[in-house]
Amino acid sequence: MDFPSTQFVPSRAMGTYEPIHQIGMWGENFKSISNPNISASVIVDVANKLENESETTSHEMLVPSSKHDQEASKPFDKIQRRLAQNREAARKSRLRKKAYVQQLENSRLKLIQLEQELERSRQQGLYVGGGLEAGHLGISGAVNSGIAAFEMGYERWMEEQNKQICELRSALNAQISEIELRILVESGMSHYFELFRMKSSVAKADVFYVMSGKWKTSAERFFAWIGGFRPSELLKVLVPQIDPLTDQQILDVCNLKQSCQQAEDALSQGMEKLRETVSATLASGQMGQGTYVPQVAMAMEKLEALVCFVNQADHLRQETLQQMSYILTTRQAARGLLALGEYIHRLQALSNLWANHPREPA
Amino acid sequence: MDKVTRLASEKGVVLFSKSSCCMCYAVKILFQELGVTPMVHELDQDPEGWEMEKALMRLGCNGPVPAIFIGGKLVGSTNEVMSLHLSRGLMPMLKPYQTLC
């Protein structure tokens, strides 16, 4: 018979099938357990023990019979003693079988209990291992496609960005007209605004994705503030690149930097308040009972505000770029955009270098 | 509509907010940094809060909070305030109402 439990056969008892057969019969009890792998390991352990016992018992049984042949005049009580020992061994075997079956029954009940709990958790969408995917395939499908669309879009965006940077570089070195340069600057600005629109779209699908900055390189993420660059930091990087500035321009840029810092500060404090609120909501009520659906649902509602913050941060970035384009001349704006593009390249190169540099073995 | 307009004209800088709204909190912080103490009305603590929300939405505030009025006139929500601030248009509007510390 192609016995499925041949997998249970321990390596040191390849020829001995009797104990396995016995287990096979007892196996009717645990066929209803849905996960056969658990029962397998239980069986192997007990099978090992029982097999060793049976081997010893049959070995013992063999010895007296050879002795019996040789010495026909063996006293009757020795035979009686031997029979008593056999009865004792059989009794012990029956007790062990009973204990084994009891153990299997308990494991089976525990397994059914665990499966029910798991099913309940899945239905509540709280199964940590599977995340949202386990219970809400429809919604996660939309999230995943939103993210996939963004990642594809970002790849195209980067390609276009690199093309524009090259064009700006050659335009600034050549002697092109003011109007042509203006067109390049406007394209550059629109290109960034396009990115902000893309981010707004994916933030609706999964705001945590935007917050994580997963589509960016590691060094870019290091400098990120609410899902992107910090406007005031950007000004610090760009302004030295667009020297010389008139006195009025210096004043205007200074004011813009101050306004950015104030706005950033307000948003940062708002974010901190949001963290406190979500944390307090999540931690409310008694802990220790294992029930938390209301707290998690309430925290979800509060977390919706994160989308507003991400959008507002991007709005700040857009306004900063816009204001700079008003303050600067066309040529200065072109140099600014070029510098911004090259700065991002350097960050990406840093990430690359970091990822590949040899490290000391752990 | 009346209550909102009435309250909006009572003080120089008026902010309609909700105590649980973190973006409203951010706007409050900004005004604080600019040396202004707006008159804050928490809609979730007002018995007529729901009517006031509807009135603000009719005026074009999608939030509907935060909603900022300066000199009795609606400035807008967070977007408008931020844009104004970065274009250096906010400070001149707030100047008459800055509290001298």
Side-chain angles (χ1 to χ4, degrees), chain A residues 196 200 226 231-232 234-235 248-249 251-281 284 298-299 301-327, chain B residues 13 15-38 40 42-45 49-50 53 56-57 60-68 70 75-95 97-99 101:
Chain A
F196 300 143
S200 173
I226 314 184
S232 57
L234 194 71
L235 292 177
Q248 183 60 48
Q249 283 180 324
L251 186 63
D252 288 342
V253 169
C254 209
N255 285 334
L256 180 61
K257 192 159 16 128
Q258 191 190 33
S259 303
C260 277
Q261 278 166 340
Q262 287 164 335
E264 285 164 22
D265 198 31
L267 285 184
S268 294
Q269 291 198 44
M271 279 286 285
E272 196 45 50
K273 186 82 171 16
L274 182 60
R275 279 191 200 98
E276 283 170 22
T277 310
V278 172
S279 175
T281 306
S284 67
M298 282 195 297
E301 268 185 58
K302 308 263 179 214
L303 212 48
E304 297 288 341
L306 192 55
V307 181
C308 295
F309 278 96
V310 166
N311 286 339
Q312 200 52 234
D314 273 347
H315 179 243
L316 213 61
R317 290 172 193 119
Q318 182 155 329
E319 283 301 310
T320 305
L321 288 174
Q322 191 73 271
Q323 288 301 316
M324 280 300 274
S325 78
Y326 296 155
I327 296 171
Chain B
V13 185
L15 169 66
F16 292 95
S17 158
K18 279 192 194 163
S19 56
S20 57
C21 171
C22 295
M23 193 53 87
C24 298
Y25 180 78
V27 172
K28 286 173 196 164
I29 295 287
L30 182 63
F31 278 127
Q32 213 178 315
E33 281 190 43
L34 303 180
V36 170
T37 315
V40 179
E42 307 282 5
L43 296 189
D44 55 335
Q45 291 165 359
W50 179 227
E53 270 191 60
L56 284 170
M57 285 195 275
C61 300
N62 290 324
V65 290
I68 298 98
I70 302 178
V75 169
S77 188
T78 324
N79 262 11
E80 288 74 31
V81 167
M82 293 295 185
S83 300
L84 254 183
H85 189 46
L86 258 61
S87 62
R88 293 171 309 285
L90 189 61
M91 281 309 288
M93 287 175 84
L94 292 176
K95 228 175 167 65
Y97 312 110
Q98 269 180 317
T99 50
C101 301

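Below, chain A is the first sequence line, B the second, and so on; all start at residue 1.
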Item to check | Segment of A/Q323 engaging chain B (4.5 angstrom heavy-atom cut-off) | outcome: side chain

Checklist entry - What part of A/Q312 is in contact with chain B, defined as an atom under 4.5 angstrom from a non-hydrogen atom: side chain, backbone, both or neither? => result side chain

Next on the checklist: With a 4.5 angstrom heavy-atom cut-off, is it the side chain or the backbone of B/L34 that approaches chain A, or both, or neither?
Outcome noted: side chain

Checklist outcome for this item: Heavy-atom closest pair (A/G270 atom, B/A26 atom, distance to 0.1 Å) is CA-CB, 4.1 Å

Checklist outcome for this item: By side chain to side chain contact (heavy atoms under 4.5 Å, CB included), A/S268 pairs with (sequence neighbours left out) A/W225, A/R230

Checklist entry - Between A/F309 and B/C22, is any pair of side-chain heavy atoms under 4.5 Å apart? => result yes

Item to check | Nearest atoms (heavy-atom pairs only) where B/I29 meets A/Q269 | outcome: CD1-OE1, 3.3 Å

Checklist entry - Quick one: does A/E319's side chain get under 4.5 Å of B/M82's, heavy atoms only? => result no

Item to check | For the student: nearest non-hydrogen atoms of B/L86 and A/L316, plus distance | outcome: CD2-O, 3.8 Å

Checklist entry - Between CD1 of A/I327 and CZ of B/R88, what distance do you get to the nearest 0.5 Å? => result 5.0 Å

Item to check | Flag side-chain contact, heavy atom, 4.5 Å: B/T78 against A/H315 | outcome: no

Next on the checklist: Report which part of A/A263 has an atom under 4.5 Å of a heavy atom belonging to chain B: side chain, backbone, both, or neither.
Outcome noted: both

Item to check | Residues, nucleotides or ligands: over 12 heavy atoms within 6.0 Å of B/N62 CG | outcome: no

Next on the checklist: Just to verify, what does B/T37 make a side-chain hydrogen bond (donor to acceptor under 3.5 Å, both in side chains) with, not counting sequence neighbours?
Outcome noted: none

